[in-house]
Amino acid sequence: MSTIQLNTLALLLGTALAASSTASAGTLPKGVDLTLDFVGNVATNPVGGVEQGTEGSYWIMAQSKFDLDALFGLHNTDVDAQWAWFAGRNLAREKIGNSISAQQTWRPVAGGRLTRLTVRHRFDNGLSITAGRAPVNSYFNNSPLNCVFMSNAMCLTPYGAITDLGITAYPNSSWAGIVRYDVDDRWYVQGGAFDYNNALNASGKNGLDFSWGDGTGTITAYEAGYQTSFANDRLPRAYRLGMYRNSDGGKSSYYDANGNSAALSGRPTAMQDGARSGWYAMADQTVWRGAGKRNLALFARVYVNTGNEAPVDQFVSAGFVKTGTFAGRDQDTLAMFVSNTHFSDEQIAFLRDRRARNGGRGAPNADEIIAELSYGWAVHKGIRLMPNLQYVVNPDPIYAPTRTTDIPDALIVGLRVDVHFAQLFGW
């Protein structure tokens, strides 16, 4: 990170700590819930990639939830407002050359952004309606186990869907409406519609452009699930099945507007008719439980593209999260996942032709395998350090445009730092 970024980070953290100390000295009004989080990622690749180096990125997230029943007597209604600040550089793009970030805090557009502003009303029959500005992946294809890792292959959303479908993903938000029906305390179904306007994600928009009707499509998402918790199940579990559809057809991974190879012609890839769509399935299953909430959970993720041609055909991952490690370390976690991203034939053909245009031969491997082993050390209430090792087999060369040979497999050494100020100061 640059000196300017570090100075900005220090200023923001200092302001946050001052605000936290003030808040901790008093009592928040009933019905007001405040969150202030800092998450930082540092990653280095001592082995592999186009070159070796170190990059860092971070975000600061502030969130306010208001229970309008407690505040004003408006039954079962709440307001959720969330803002985030992003900065830093991406090791995958800058040093390795591949498209799957090793840092879940990195985002293409730096700076501040309104990430959510919603009103939700819960009816007495299990139905709830949410409306306002929201990202798709805060509600669909989501699990708390996703972010026991630092790699963007898992956190915040398993890889594939955002790349293929252009999902409006955190920290970007769009006009949205979500309807959810909780059949009971375990079964639920939900559906949502989100405006797709990629121009609003550009630098300078900051999530504050509330334009209506200027988008190029509509994203619809549907999900059915079964989930339990420690409150109603000795071995909690969650199973989810869902799908997305974007009426904006997206761009071809290979062809230009004349039907030729865009990599050889040098022309932009062509827009596609039709729609983008995909299905996903998620499974979290606790298989062992010790004293308190010490447990071992296994998980699996699957995404399959079923609509227009897109860069990723399918994504699969599996792993485990062990909560409670050594004696007296009940809040620590030991976790691992392995994923495989299978790129489409057209995406690989584009990369092959681009390589040939630069004097190389052959095509990169269509399967990019990523593994991460992490240890989450609960240093103090509200503070967690997560050293991790990541290994990338067959790094894709999407961000190494002049590469003429395969990129060597990369070993990544990372450190993630989480500070949850609400827990730290006991809000």
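The only option from T341, N394, N98, N340 that meets the side-chain hydrogen bond (donor to acceptor under 3.5 Å, both in side chains) definition with E368 turns out to be N98.
The aromatic rings of W85 and W83 are tilted relative to each other, their planes meeting at an angle between 30° and 60°.
Ion pairing of R301 with D284 is present here, as a side-chain N (NZ or NE/NH1/NH2) and a carboxylate O approach within less than 4.0 Å.
Among residues at least two apart or in separate chains, salt bridge (Lys or Arg N to Asp or Glu O under 4.0 Å) pairs with a member in residues 333-362 are R355-D406. Sorted by first and then second residue, the ring-ring contact (aromatic ring centres under 6.0 Å, His included) pairs with a member in residues 183-204 read W187-Y226; sequence neighbours excluded.
One N or O on the side chain of E372 and one on the backbone of M150 form a donor-acceptor pair closer than 3.5 Å.
Residues passing the side chain to side chain donor-acceptor pair (under 3.5 Å) test with S339, sequence neighbours excluded: none. W106 is linked by a ring-ring contact (aromatic ring centres under 6.0 Å, His included) to nothing, counting only residues two or more places apart in sequence or in another chain. When the ring-ring contact (aromatic ring centres under 6.0 Å, His included) test is applied to F299, the partners found at least two apart in sequence or on another chain are F149. With sequence neighbours excluded, the residues satisfying side chain to side chain donor-acceptor pair (under 3.5 Å) with N76 are D124.
Within 6.0 Å of atom CD in Q227, more than 12 heavy atoms from other residues, nucleotides or ligands are found, so the atom counts as buried in its surroundings. More than 12 heavy atoms of other residues, nucleotides or ligands sit less than 6.0 Å from atom NZ of K322.
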Exercise. Run the side-chain contact (heavy atoms from CB on, under 4.5 Å) check on N388 and Q390 step by step: do they pass?
Worked result: CA-CA 7 Å; N388 59 87; Q390 301 176 43; 3.2 Å; yes
Problem set entry | N172 vs L200, side-chain contact (heavy atoms from CB on, under 4.5 Å): CA-CA, chis, key distance, verdict | CA-CA 8 Å; N172 299 316; L200 299 183; over 6 Å; no
